[in-house]
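Following: one structure in structure tokens, then a few remarks.
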Number of protein chains: 2
Amino acid sequence: MPDSSFREIRDLALFSQMADENFSALMRGAYVQNFPAQIELITEGDPSDFLHVVLSGSVDLFSAWNDRETSLATVRPISTFILAATIKDALYLMSARTLEKSRIALIPSQDVRAVFDIDGNFARAIVTELAQCYRAVIKAQKDLKLRTSLERLANYLLRHQRRAGGAASFDLDFEKRRLASVLGMTAENLSRAFKGLQPYGLEVDGTRITITNQAEFERFAKPNPLIDDGST
Amino acid sequence: MPDSSFREIRDLALFSQMADENFSALMRGAYVQNFPAQIELITEGDPSDFLHVVLSGSVDLFSAWNDRETSLATVRPISTFILAATIKDALYLMSARTLEKSRIALIPSQDVRAVFDIDGNFARAIVTELAQCYRAVIKAQKDLKLRTSLERLANYLLRHQRRAGGAASFDLDFEKRRLASVLGMTAENLSRAFKGLQPYGLEVDGTRITITNQAEFERFAKPNPLIDDGST
DNA sequence: TCCCACGATTGACAATTGTCAAGCCAACAA
DNA sequence: TTGTTGGCTTGACAATTGTCAATCGTGGGA
């Protein structure tokens with residue numbers, strides 16, 4: 001593995017506090033690979049052989065059942081995914097595919113578990129990471145059960161606006177059909193939802209979004225830190 | 001705290017491997033309290049002062065937004081809740097209320113965090129618990145996004161049947177309006193969903209459920225270990 | 001340049017789900 | 001017993017969401 005990738009991973013909160021020798025042990029079995037877009041990296045139901053770290057590009061986590069499919073999350077650099085399956089030595093609950101050309105580090109799960117058993121700092125870092133992930137899913141669950149599709153879209157746009165810097169105009173970061181899946185609706189309905197938000201101060205031109213009336217838009221969306229804040 | 005409660009908590013996977021002195025330190029600040037039914041134990045948005053352990057009775061975790069409310073999980077003995085908030089020293093994402101008369105142990109969150117920092121075994125046990133919780137929510141998310149309400153009910157009944165021992169007849173363990181909320185639908189719709197399942201081999205008499213045609217019922221429900229298995 | 005592919009959009013329609021109001025029924029207290 | 005309460009059920013209706021088919025528009029390849 002090249003030194004630069006090594007450095008990037010080491011700087012992740014998950015790995016930054018662990019002992020040097022343990023980090024080295026982890027990296028010995030690890031390797032970095034470049035994947036083209038639309039490659040299925042893991043398949044739900046498979047045993048979790050590797051902890052994955054997205055170094056560049058982006059990865060879609062999704063799941064299928066009975067001919068239906070839904071997108072559960074998007075992983076962007078630099079962060080890991082399927083940590084829980086790795087720790088529990090359990091089957092993947094989700095599949096993962098690259099959304100674009102991506103560079104991904106693969107760390108053998110058994111190494112992660114072995115180091116986890118002997119390095120308290122690593123174990124503590126994993127706790128923090130898992131607690132964060134857990135709370136993120138709970139928020140998603142509340143979003144899904146407490147809001148209509150129109151409200152979910154409105155709050156998604158507000159969250160995305162903040163991530164993008166807070167300006168009134170910003171661009172969507174992925175295609176609408178996947179956004180629809182993330183928000184738990186069909187692409188057709190998303191299209192209508194965008195129109196349904198126009199009376200509350202929204203303009204849409206392709207992937208370009210403009211919130212023309214921030215106050216009115218927020219009055220409709222009713223964003224809530226206990227659902228929409230990413231960090232807490 | 002009485003010795004018996006002490007013992008019960010010590011036997012939890014979360015606490016069984018930690019050092020004696022650290023467990024004692026945790027228990028020194030802890031106390032056990034009896035609550036009547038329908039008492040709100042914690043409120044979402046409040047700081048997480050205590051890690052809660054349900055020793056007897058049962059607790060409903062729920063959340064509200066914009067005059068809507070939804071039930072996210074039920075906690076039964078012996079297990080903890082709001083572990084993630086405690087660890088992260090963050091605000092509660094959910095409220096909790098007793099469903100019946102319940103005995104609950106309260107362990108100060110700052111003690112948990114302090115011991116977590118010095119006891120590797122405790123930290124590792126927390127990881128396992130959190131990973132388990134995380135995967136449970138992911139499964140709930142898949143259930144919600146991939147299935148119709150009829151399918152969710154059918155699979156819930158199959159899961160409950162297994163928990164109850166596997167017999168064709170069994171009783172629901174809580175009231176239907178709460179079941180409806182857990183399944184993400186209204187009480188009225190749940191009522192219709194029960195009727196809608198009759199053609200697939202279901203009989204309902206009050207809280208008494210009988211699956212008269214197991215094979216046909218499962219053919220409709222299409223249970224999947226990656227959504228419906230509790231342990232993995 | 002033209003053509004094709006693909007995602008986005010739209011309309012028409014169906015299915016699902018929620019809302020409201022009324023009625024039913026069992027548990028419980030006076 | 002009677003009356004009351006609260007949860008459950010039912011019907012009628014409305015709103016939301018999904019499905020299918022057709023169309024639009026853009027960008028890439030021949």
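Any value given below was found using the heavy atoms of this structure, including those in side chains, with hydrogens, waters and symmetry copies removed. A, B, ... follow the sequence lines: proteins, then strands. Residue 1 opens every chain.
- A:Lys88 forms no cation-pi arrangement with B:Tyr134, by the criterion of a distance under 6.0 Å to the ring centre and an angle within 45° of the ring axis.
- Take A:Arg76 and apply the side chain to side chain donor-acceptor pair (under 3.5 Å) test, not counting sequence neighbours, and it matches A:Asp173.
- With sequence neighbours excluded, the residues satisfying ring-ring contact (aromatic ring centres under 6.0 Å, His included) with A:Tyr156 are A:His160.
- Residues from residues 61-70 of chain B lying near DNA chain D, meaning a heavy-atom separation below 4.0 Å, are absent.
- In this entry the distance linking CZ of B:Arg177 with C1' of D:dG6 reads 8 Å, nearest Å.
- Applying the ring-ring contact (aromatic ring centres under 6.0 Å, His included) test to pairs two or more places apart or on separate chains, those with a residue in residues 198-232 of chain B are B:Tyr200-B:Phe220.
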Exercise answer: donor-acceptor pairs, residues 49-56 of chain A side-chain atoms, under 3.5 Å, sequence neighbours excluded:
residue: A:Ser56; atom: OG; partner: A:Arg103; partner atom: N; Å: 3.4

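- Listed by chain and residue number, B:Asp228 satisfy the salt bridge (charged side-chain N to carboxylate O under 4.0 Å, His left out) test with B:Arg159 (two or more places apart in sequence, or in another chain).
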Report all interatomic pairs (protein N or O, nucleotide N or O of nucleotides 24-28 of chain D) with separations under 3.5 Å.
none

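- If you check residues 141-153 of chain A against DNA chain D, the residues with a heavy atom closer than 4.0 Å are A:Thr148, A:Ser149, listed by number.
- Near DNA chain C, meaning a heavy atom under 4.0 Å from it, residues 187-202 of chain B has B:Glu188, B:Asn189, B:Arg192 in order of number.
- Side chain of A:Thr86 to backbone of A:Ser109: no donor-acceptor contact under 3.5 angstrom is found.
- Residues that satisfy the side chain to side chain contact (heavy atoms under 4.5 Å, CB included) test with A:Thr186, not counting sequence neighbours, are A:Glu188, A:Asn189.
- For the residue pair A:Gln38 and A:Glu100, no side-chain donor N or O sits within less than 3.5 Å of a side-chain acceptor on the partner.
- Where DNA chain C meets chain A (any atom under 4.0 Å from a heavy atom), the bounding nucleotides read 5' to 3' are C:dG7 to C:dA12.
- Relative to the six-membered ring of A:Phe170, A:Arg208 misses at least one condition, a distance below 6.0 Å or an angle of at most 45° to the axis.
- Judged as a salt bridge (charged side-chain N to carboxylate O under 4.0 Å, His left out), and not counting sequence neighbours, the contacts of A:Arg178 are A:Asp60.
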